[in-house]
2 protein chains.
Amino acid sequence: MTGARGYHHGDLRRALLAAAAVAIEESGPAALSLRDLARRAGVSHAAPAHHFGDKSGLLTALAVEGFDLLAAALRTGDSLLEMGVAYVDFAVRRRAHFEVMYRPDLYRADAPEVVAARKRSRAVLRSAVADLPPGPGAVGGAAGDALAAWSIVHGFATLWNAGALPDETGDDPREAARVVIRRLFGARVDAQGRAVPPARSPRTPA
Amino acid sequence: MTGARGYHHGDLRRALLAAAAVAIEESGPAALSLRDLARRAGVSHAAPAHHFGDKSGLLTALAVEGFDLLAAALRTGDSLLEMGVAYVDFAVRRRAHFEVMYRPDLYRADAPEVVAARKRSRAVLRSAVADLPPGPGAVGGAAGDALAAWSIVHGFATLWNAGALPDETGDDPREAARVVIRRLFGARVDAQGRAVPPARSPRTPA
DNA sequence: CCGGATATCTTGTCAACGGCAAGATATGCT
DNA sequence: AGCATATCTTGCCGTTGACAAGATATCCGG
């Protein structure tokens, strides 16, 4: 359906999505122009409309691609800590996708393909939080853990991308993220980032 | 200079900023149109240019206003926990300002007025983190605490505004934020959210 | 090998927008 | 009263997103 190759352009849909990511990384989603994308791909100004309908259609496709890429990136993290680092790393390296994904005013966030892709990526995050021991003063349970973890990595990534962080933060987002995430879970993750067995009432043996 | 009142319109600059906030809350910063703002204010389509130069000039003014409003809002929080809650509350209630502030591609983030206002609001956050006792496994010191706190409230606020959070989070952002923030600082803040005295090595007496 | 059916892309058009220039009008100051 | 200035208007241009209609390449059945 998509990657067939062999039409007029070859694979215009893919080329447009790639060009969109580049353009957004250069000057942000607000400055994105369908006509500019068409020029970059070497087609006429109305060619994108056939594949995506309109601008929000293109950004919808980009968001879907982003949620799937995020899910794949999260799966590479073999611990809760490393999964958080992978989240930040994804936000920094696929910055265009990330920026669009969390800006529902730019695309059709209620499209079924989007909600499905979003669900897939969220499931990966939750699976990692599940085997975290309950912390002190944990009011919300595992859902609270997931919410806090998601918030801290998302916030750090957003602030990093916005250039809002002070210079002392350094220039390696992965390392800086590691420090921040460790501060959330404290002694509940060990040096390798793996969840440690609950210290208080070791009721369930490993 | 600004609040004079009594010119042609009265106070067009203020009216345009207010209209911009409303318009952005309605349909996001990407859909913002200077001509639409002019219509809302009842002036011609070129009137905004006189006060702000261009679109990014208007958003620059909105960002400055936002950073000052944020600093004022943070000052109402009398504890670290409540200051975090105030951050989230600001992001939700003055959503337009908040969205623009952390989107440097939309305005001139390096304008001197912006960096000054940003500095003012950041100083408020840091002052609250200063009297937090060092936590276990705290690698980054007070700066790390500030970064973690900022990240978690910023991330939560952003996700809330994006509508990305699951329904179980509830409909009161202040309450949900309280739970999340408490999970970051654990036992280091008491029920009132105040910082507790350091338990390990009380080297510096209060 | 051919010829329609279909997907893909082009050309042409229109309203809206941002930005600029030049002019009009009101305000403040002396 | 009269000039300088701030404020706003009118007019214009290039660009954009969206739509309509036409052109062209690919696919598939015969």
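Every chain is numbered from 1, with letters handed out A, B, ... down the list of sequences. This is a predicted model, so every value here is computed, not measured.
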With the side chain defined as heavy atoms from C-beta on, B:His51 is closest, among D:dT9, C:dC9, D:dC8, to D:dC8
Q. Distance check: side-chain N/O of A:Ser33 vs OP1/OP2 of D:dG17, anything under 4.0 Å?
A. yes
Whole-Å distance, A:Leu34 CG to D:dG17 C1', equals 7 Å
Base, sugar-phosphate, or nothing for A:Leu37, non-hydrogen atoms under 4.0 angstrom? nothing
From CG of A:Asp11 across to C1' of C:dT8 the rounded distance in Å is 12 Å
Inset, instruction - Could you tell me whether the side chain of B:Tyr107 and the main chain of B:Met101 form a donor-acceptor pair under 3.5 Å? - result: yes
Using a cut-off of strictly less than 4.0 Å, decide whether B:Arg39 has a side-chain nitrogen or oxygen near OP1 or OP2 of C:dC17. yes
Establish, yes or no, whether a centroid distance under 6.0 Å links the rings of A:Phe98 and A:His154. yes
note: B:Asp54, atom CG; C:dC20, atom P; distance rounded to Å ~ 7 Å
Between A:Ala109 and A:Pro104, the two heavy atoms sitting closest are CB-CB, 3.9 Å
TODO: Indicate whether OP1 or OP2 belonging to C:dG12 is found under 4.0 Å from a side-chain N or O atom of A:His45.
DONE: no
(message) Can a donor-acceptor pair be found, under 3.5 Å and without considering hydrogens, that links the side chain of A:Arg95 to the backbone of A:Asn161?
(response) yes
By nearest-heavy-atom nucleotide on DNA chain D, the more 5' of B:Val43 and B:Arg35 is B:Val43
Rounded to whole Å, the CZ-P distance (A:Phe52 to D:dC19) equals 16 Å
Per nearest nucleotide of DNA chain C, the residue lying toward the 5' end, A:Leu12 or B:Leu32, is A:Leu12
Taken to the nearest whole Å, CG/B:Leu16 to C1'/D:dC8 is 12 Å
Within the 4.0 Å heavy-atom criterion, would you say B:Ala49 contacts the bases, only the backbone, or no part of the nucleic acid?
nothing
* Between the side chain of B:Lys55 and the main-chain N/O of B:Leu106, is any donor-acceptor distance below 3.5 Å? -> no
Taking only N and O in the side chain of B:His50, is any of them less than 4.0 Å away from OP1 or OP2 of D:dT7? yes
